[in-house]
Amino acid sequence: MKKVDLNDFKFEGLEHAVIEDLTSIEADEKEQLIMAGVDVDSKDVSATFMQVDHSNVHCGTNDKDVEVMDIKKALEKYDGLPDYYFKLIDKEKDEFTRNAAANLHGGYFVRTKKGAKIEKPVQSCLFLKAENSGQNIHNIVVVEENSELHIITGCAAAHEKFSGGHFGLSEIYVKKGGKLTFTMVHNWGENTVVRPSTMGVVEEGGTLINNYVLMKKVKDLNSYPTIFLNGEGAVARFNSVLVAPEGSYIDTGTRIIQNAPDTKAETISRTITTGGTIISRGHIQGNNVPARGHIECQGLILGGGRIHAVPELEATVEGVELSHEAAVGKIAQEEIEYLMARGMDEDEATSTIVRGFLNVDIMGLPEKLQKEIDKQIEELDASDAM
């Protein structure tokens, strides 16, 4: 992990006014948000939350079965949220958690009603606007028994050259029979430092599906969410698509701890470097049986850069079934030649292979978000062809 000096960021005095109508924000900011998967013009959502620097500027709910509010208001309303707030994350974990605990700027609290199937996604946005801003966020998600929810979180900076820091804490609770799909799309600036810390627990029969997409330049990102499968039959699946242009340093992965019988854990990552560094980690620990887990990490190096795949499997009891598959390298020449033999030129063949490699159809994303990601992949193809 690279050393980060918190004194480089502004943690005071970056408040903003409430925005009643998000469609009124400036066009260039809308474009940055769209590239992070957030469509402020969309009505096809159950709730919308937006944080700009140190202020919650918008929070609205269209579905009575899901509660969404600013974390500060939730702490006031529910007497400090003693069952959830800093129950999974240790305040003393590192300098970032200590700073976030002492100087909280915002974040969201999302909770479903028991048994509710929330059909439309909750859309949230964490936005950096002021130069050199340091943003401390704490999110809490509670999926009650037998309920289902999809959250789409877009994290973005105001422009591609932006300098600032995002320091986010997230605690996720999926209760018995619940299902959470959590999709996170990052669109940071090339001088942005990002330190998200996520921990979650899945109870009996619960499912957590996590999708993560990062395709734009970021100076320094370190993320390593940890999920505990504590109930019988609990499932966790993590899918990630990462691109590291020159100047990006990305150290990310997933840790899943299987503490109950009949649990399933899977992490699948697709990484491409076009000059940057990617460290792709995965750790599955089986502490009960039967338990099955699999790590898959595939990486492509296009025009330079570095990918370091670090899969870890750990079994503490007899009978655990864990496996991993990792491969890093360049596009196979025979694949290019195969497509060229069918009428493509070399650039077209390379682009076709890249698009297939970065296929995010398995994530089950909304159509508009899928199209935006496809557009970013096309931009990547165009830059590679130059």
Side-chain angles (χ1 to χ4, degrees), residues 1-5 94 96 155 157 160-163 165-166 184-198 211-225 238-255 267-284 294-313 324-336 346-347 349-360 373 376-386:
M1 182 187 299
K2 289 188 175 182
K3 178 64 177 177
V4 175
D5 188 348
D94 53 37
F96 308 112
C155 299
E160 292 183 358
K161 303 291 184 182
F162 187 86
S163 297
H166 171 85
M184 181 164 57
V185 184
H186 279 182
N187 180 28
W188 299 114
E190 63 182 41
N191 294 309
T192 308
V193 173
V194 185
R195 288 291 185 275
S197 180
T198 299
N211 303 314
Y212 179 45
V213 179
L214 171 64
M215 301 188 69
K216 295 292 185 176
K217 189 173 181 178
V218 60
K219 179 181 179 181
D220 182 3
L221 183 146
N222 186 282
S223 173
Y224 195 43
F238 278 72
N239 307 301
S240 61
V241 171
L242 308 173
V243 176
E246 185 176 359
S248 289
Y249 182 90
I250 302 168
D251 187 338
T252 185
T254 303
R255 186 168 184 246
T267 72
I268 299 175
S269 65
R270 296 286 186 271
T271 62
I272 288 181
T273 175
T274 58
T277 293
I278 297 176
I279 301 174
S280 181
R281 306 179 188 272
H283 181 198
I284 297 179
H294 181 69
I295 297 172
E296 181 180 330
C297 176
Q298 305 290 333
L300 284 180
I301 298 177
L302 303 180
R306 172 175 174 257
I307 297 176
H308 184 187
V310 191
E312 293 184 73
L313 303 176
H324 75 76
E325 177 184 353
V328 177
K330 63 180 182 179
I331 297 175
Q333 186 62 33
E334 56 265 28
E335 294 182 26
I336 296 175
E346 186 171 359
D347 288 339
T350 300
S351 295
T352 298
I353 294 169
V354 169
R355 285 195 299 270
F357 183 80
L358 293 180
N359 181 14
V360 294
I373 293 173
Q376 292 185 49
I377 294 174
E378 290 175 6
E379 293 174 1
L380 173 68
D381 292 343
S383 64
D384 290 338
M386 294 176 63

Excluding sequence neighbours, so at least two apart, what forms side chain to side chain contact (heavy atoms under 4.5 Å, CB included) with Pro225? Thr198, Ser223, Phe238, Thr254
Using a 4.5 Å cut-off on heavy atoms from C-beta on, say whether the side chain of Cys297 contacts that of Pro311. no
Would you mind reporting whether Asn222 and Tyr249 have side-chain heavy atoms less than 4.5 Å apart? no
Nearest 0.5 Å, please: how far is [atom2] in [Y] from [atom1] in [X]?
X	Y	atom1	atom2	answer
Ile331	Ile301	CD1	CD1	11.5 Å
Glu190	Glu160	CD	CD	7.5 Å
Arg270	Leu242	CZ	CG	11.5 Å
Thr267	Arg255	OG1	CZ	13.5 Å
Asn187	Thr192	CG	OG1	9.5 Å
Phe357	Ile272	CZ	CD1	5.5 Å

Take atom [atom1] of [X] as the centre, draw a 6.0 Å sphere, and report whether it contains more than 12 heavy atoms from other residues, nucleotides or ligands.
X	atom1	answer
Gln298	CD	yes
Lys217	NZ	yes
Glu312	CD	yes

Would Thr273 and Arg306 count as a side-chain contact (heavy atoms from CB on, under 4.5 Å) here? Give the steps. CA-CA 7 Å; Thr273 175; Arg306 172 175 174 257; over 6 Å; no
Please give me the minimum heavy-atom distance between Glu346 and Ile336, naming the atom from each residue. CG-CG2, 4.0 Å
Do you know which two heavy atoms are closest between Ile250 and Ala244, and how far apart they sit? CD1-CB, 3.8 Å
For side-chain contact (heavy atoms from CB on, under 4.5 Å), just list the numbers for Arg195 and Asp220, CA-CA rounded to whole Å, side-chain angles, deciding distance to a tenth of an Å, and then say yes or no. CA-CA 8 Å; Arg195 288 291 185 275; Asp220 182 3; 3.0 Å; yes
Please assess Lys219 against Trp188 for the test side-chain contact (heavy atoms from CB on, under 4.5 Å), listing each intermediate value before the final yes or no. CA-CA 9 Å; Lys219 179 181 179 181; Trp188 299 114; over 6 Å; no
Given the rule in the side-chain contact (heavy atoms from CB on, under 4.5 Å) test, do Asp251 and Tyr224 qualify, once you have shown the distances and angles that lead to the verdict? CA-CA 8 Å; Asp251 187 338; Tyr224 195 43; over 6 Å; no
